[in-house]
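The next block holds one structure in the form of structure tokens; read it before the comments.
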Amino acid sequence: MNNNDLKYVGKPVPRKDGPLKATGGAQYTVDISLPGMLVGKVLRSPYPHARILNIDTSQAKKLPGVKAVVTSADSLKVKHGFIDTPRYPADQYPIAVDMVRHAGEEIAGVAAIDEDTANEALSLIHVEYERLPAVFDPEEAMKLDAPEIHPNHPKVSDPYKNIGGKIETAFGDIEKAFTGSYLIREDKFYCQIRTHGYMEPQATVASWDHSSKLNVWTSSMGVFLKRARLARTLGLPFGSVRILKTYVGGAFGGKIDLYGHEYIASLLSMKCRLPVKIVYTREEVFKAARHGQPLIVEIKTGVKRDGTILGQQIRTINDSGAYRGSGVVAIFLAWGFAMAPYRIPSMQYEGYSVYTNNLVRAPQRGHGAPKMRFAAESQFDVIAEELGMDPIDFRLKNARNPGDMLPNGDSVKNFGLKECIAKVAEKTDFKAKYEAALKERHSGSTIKRGIGIGTTAYFSGSLVYPNSSTVIVRFNDDASVSVMTGALDIGQGCETVISQIVAEELGVPLNEIHVHAADTETTPVDIGSWISGLTYVTGNAAKKAASHAMKKLLNVAAQELGSEVQELIALDKTIFVGHSPDRKISYGQAIAASIAKNKGDCIIGEGHFRTMKDEVSPPSLSTAKGRWTENYSNYAQVAEVEVDTETGMVRILKATTAHDCGFPVNPVLVEGQIDGQVSMGQGHILSEELRVEDGCVINPSFLEYKMPCALDMVETDYIDVITETYDKEHHYNTKEVGEGYVSGTVASVANAIYNAIGIRVKKTPVHPQDIIDALEKHEHGGKGDLTR
Amino acid sequence: MRLPEFSFHEPLTLDQAFATIKKNNGNARFLAGGTDLVPLMKFGLETPSMIVSLKKIEGLKGIAEDNGYAMIGALTTLREIISSTVISGKLPALSEAAMAVAAPPVWNVATLGGNIRQQTRCVYYNQSRAWRLEKEPCFKAGGNVCHAVPRGKKCFSVYCGDIAPALIALDAAATISGMAGPAEVRLIDLFSNDGLSPFTLEKNTIITGIKIPVPGAASRSGYAKLRVRSAIDYPLVSAAASVALDKDSIITGVKLALSAVGPAPVAIDLNGVLVGVRIDTADFTALKDVLPKKTQIADNLALPGSYRRKMLSVIAKKAIMKAAERAAEKETI
Ligand SMILES: Cc1cc2nc3c(=O)[nH]c(=O)nc-3n(C[C@H](O)[C@H](O)[C@H](O)COP(=O)(O)OP(=O)(O)OC[C@H]3O[C@@H](n4cnc5c(N)ncnc54)[C@H](O)[C@@H]3O)c2cc1C
Ligand code: SF4
């Protein structure tokens, strides 16, 4: 089929849930109200590291209106973790047992008839602590005289402390690469802690019903992982825990894993047999929930005289916070983001994930990519300048070609990076503007302009629990369609995309496709709205399920019309015989015929999909061996900035993105993802930073945490580099669009700042005072980068 | 976060307001738009036993030009100030300052009086009860330390109002009314410059209005504000200026006021600096030395004090230049 004949996929279809959200009809967790529901609150540690000597809840329990109080004494003391493997066993209790390792850690929970009573009850719980020395900087925490937060990982023998995990991998001959290099650069880059900035705070309703089943509504990124973690920590069979759909107001990586309040709400409900709702305050989100990964990247690169990269040696240090969280994943992924986009013949990589007394880390949109690409792309520009090359030529020289094989056995297949780089450079008139800025640097104007580029390649789904998606497509008697999927729409629009895919296969209009989603009891398993694989994995399961149903429908039609399936054409919910169109049957008639004559088969299709079907397991977190993904998305982004050299304020004038997202099922959603990521990248590079003093977040509000607001939004432009087409007989080759672009913005703005004022950015965010300090240093004849 | 308990009163006249306070003998706070007071109450930083709303009191709202003065009622909203062509035409710094406050939704409820009378701020103070439990209470919270200036002996909380500096540069006065009757005070005299208790007003005094001399055509004003984002953020440093020019664009007078530089807005006496020179040849370098000495900047807002100090002259210059360009062009905004 020609892509022009497509009716639903590849079209900028508006979001199905748009009207409901815009009119307030969408039910979020906070909107759920059940008879007898109580307000739950969590008591948290004010200290970053302490032994709990005693918890006295007797007064709180006596307070009228209090229905239940729980501490770890009420729990099974089962640990959980983002990673739970033999190498990296779970290391965190959902409610603190004897020790707290970060400020904000959960110590007790109360359920009461109203919020005031619950708050008062919290103040009546008396906890005796023995404070312990704490450490907050990962490089400090690695020193042998640092306080011990957890013992070193048993397999790590380096002379360091507090190592939660390590990854080491190498390919090629790095010694030879450096010996043969014309130029070698070594640089070190730092990133801050950023929060996810989801508008809907963490919220959970747990209700233990009379049939001894735990029903949970929780703001999450996927219901099946939540069920697994809750069931295990509560000691319940999976079948006794039901997670139900709610609308989700954003997540960006911050709502994947089990959170203490979800466990505590469940425990409270099980204890008092009434529903319990816990909703975080915004302050709680900032001071107790998980945030992103502040990666340190040391990078050494050797190149030939003509700019060809020969080798790269990289060391990353991740401050994983008080528990392992996703820290060991971030150091693995950072490796992938280093090796995927460019040809690097030899590489040596090591990454450390280090325990500190900071808040625990969660994945955050890009999960390591923004930091790794910021480091690599900044260094590319340094090298290009030293070689007298321009940034575009340097990248074009080294970017991977379609079909390149990666050291882990992946192929980048139809990789559009070179095309993206060339097109974005052309559209933005990059080279001319770049040269103009260099000349302008020494003019008298206090406002300097600059242009910069950043690129990325990103994985599109990998193997991670629950590893696969199943979708069920069911015809109703009137030929409308019900789709059962475990996928949870977290605002990215997956229900719309799944509907488009099903509509295309069945030829049924979008408004007759009804999606029933994200209920562990009534919908099949789903990979989840993280790991950038939902459209690829669930989308292809939906395609298979729909074509399975369609095949059944066509078979019935062939029987009824006395023809061969190959002769049939489906149009407007009617099936015709191609060569004699007056022989036809409506979908409804065909369904009725199937029920009457095919042993009651009412036409249900099912489809399963798993990425990398021949791989038995996910790649190794200790050696990085093993395949990662089937499809690599890639982009090149150009930022144009203006630096006010009097105030140090940087304004991003425009971000232009050339992107290869494979086959875009819904182009308008792709653009929405780009815009959202540009604004996140903008916050990352310019203003957002969790200010932490002695392990306590001191700016826990959107007033003091400087997330860009509506008036700060950057003008964006897009260039499509489409590398895949729709193929009726084959699965979709969609590529990731939801995470990678953040990197492009961070890196391109950093490079544009250099182009504007000649100061190399080596840490994020770039505060205005950093620019002023660096400019002053340069004015006094100093050199020096903008760094920590 | 929940509000603590209080009694609520809505008097219809000033006399009724004072009588209500007297009768209840309570610890009262006046409520205007509530955008400053309510967050403080939620944080447990203000715990009044009674709230006296000023919203139903007659005669506290509106903008009028009378006898060479602009008269603005204290309960006039920022939106009304921004929409007034009298203000944008003749008192542009006031218009600009109002537009620089918070974000458009706040303009609809926030009032002029409430903006002037807003509490001083500090990143170690404007926090919830739970937050503050993590640290010892500081001077402003009734304790004995300052977290912003560790060996400091007093409170350096910052007056972050955008509008007061504009009014000071415009030579405004406030009309007030208290238990002792009505009075008029220069705007700058409302401020004590003490972080613990930033206002000089007697307890339970109501600001009823603002009176601003309308400048002649040769004098115009401007406002400049340093902040991280285009909206929401309080100033990190701000400046308002009135500049008078003669027909040859020679500066005949400059009034400069700063905000977010310490516990009170500061009126800067430029001692004749800039006067007598043409605006396009003016040399602003003197500001670099003068301004930091007049301020008490500490590390207690979103960006460091050292940076904010450097920005004083930059922002002051921006305000002066805006004012001067308007005076030269007799332009309105
Ligand atoms: C998110 C956010 C951002 C903000 N950003 C800024 C900013 O950038 N710049 C800025 O200047 N302000 C800012 N503010 C502060 C505040 O909202 C404004 O200053 C507003 O103008 C206050 O007016 P109000 O009427 O709401 O005051 P209220 O909260 O009602 O009152 C403030 C105080 O003044 C007293 N009061 C009110 N009216 C009178 C009167 N007539 N006589 C005597 N006392 C009175 C009250 O008792 C109270 O103590 C911000 C507020 C928020 C919530
Ligand atoms: S300046 Fe010092 S005393 Fe004043 S509010 Fe801040 S921390 Fe408290």
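Chain A is the first sequence line, chain B the second, and so forth, proteins listed ahead of strands; every chain is numbered from 1.
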Please check if the number of heavy atoms outside [X] that lie under 6.0 Å from its [atom1] is greater than 12.
X	atom1	answer
B:Asp280	CG	yes
A:Glu130	CD	yes
A:Lys448	NZ	yes
B:Lys135	NZ	yes
A:Glu776	CD	yes

Legend entry - Part of B:Ile232 within contact of chain A (heavy atom distance under 4.5 Å):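 The answer is both parts of B:Ile232.
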Inset, instruction - Check whether B:Arg121 gets within reach of chain A through its side chain, its backbone, both or neither, counting any heavy atom under 4.5 Å. - result: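 Just the side chain, heavy atoms under 4.5 Å.
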Legend entry - side-chain contact (heavy atoms from CB on, under 4.5 Å) evaluation trace for A:Glu704 with B:Leu301: CA-CA 9 Å; A:Glu704 295 301 339; B:Leu301 299 184; over 6 Å; no
Legend entry - B:Ser230 to A:Cys709 - nearest heavy-atom pair and separation: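 Residues B:Ser230 and A:Cys709, closest heavy atoms: N-SG, 4.4 Å.
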Legend entry - Among B:Lys318, B:Met1, B:Lys310, B:Arg308, residue most engaged with chain A (heavy-atom pairs, under 4.5 Å):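 Highest number of pairs under 4.5 Å: B:Lys310.
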Legend entry - Residue selection (most heavy-atom pairs with chain A, distance under 4.5 Å) from B:Val123, B:Ile315, B:Leu303: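 Most heavy-atom pairs under 4.5 Å with chain A: B:Leu303.
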Inset, instruction - Could I get the full list of ring pair (Phe, Tyr, Trp, His ring centres under 6.0 Å) partners for A:His767, not counting sequence neighbours? - result: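 So A:His767 forms no ring pair (Phe, Tyr, Trp, His ring centres under 6.0 Å) with any residue.
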Tell me, out of [options], who's got the most heavy-atom pairs with chain B below 4.5 Å.
options	result
A:Pro700, A:Ser701, A:Ser687	A:Pro700
A:Pro708, A:Ala103, A:Pro768, A:Pro46	A:Pro768
A:Asp712, A:Asp116, A:Leu711, A:Leu686	A:Asp712
A:Asn699, A:Val697, A:Thr647	A:Thr647

Legend entry - Any donor-acceptor N or O pair under 3.5 Å, side chains B:Tyr124, A:Glu693: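 Distance-only check passes for B:Tyr124 and A:Glu693.
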Rounded to the nearest 0.5 Å, how far apart are [atom1] of [X] and [atom2] of [Y]?
X	Y	atom1	atom2	value
A:Gln769	B:Met311	CD	CE	9.5 Å
A:Ile698	B:His147	CD1	NE2	11.0 Å
A:Lys287	B:Ser128	NZ	OG	7.0 Å
A:Ile772	B:Tyr307	CD1	OH	6.0 Å
B:Trp131	A:Glu283	CH2	CD	9.0 Å
A:Glu115	B:Arg2	CD	CZ	5.0 Å

Inset, instruction - Please check if the side chain of B:Arg229 supplies one atom and the backbone of A:Ala710 the other of a donor-acceptor pair under 3.5 Å. - result: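 The answer is no, because no donor-acceptor pair under 3.5 Å joins these two groups.
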By a 4.5 Å heavy-atom criterion (distance strictly below it), what part of [X] contacts chain B: side chain, backbone, both, or neither?
X	answer
A:Asp644	side chain
A:Tyr47	neither
A:Arg282	neither

Inset, instruction - Could you tell me whether the side chain of A:Asp694 reaches within less than 4.5 Å of the side chain of B:Glu134, counting heavy atoms only? - result: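 SC-SC contact between B:Glu134 and A:Asp694 ruled out.
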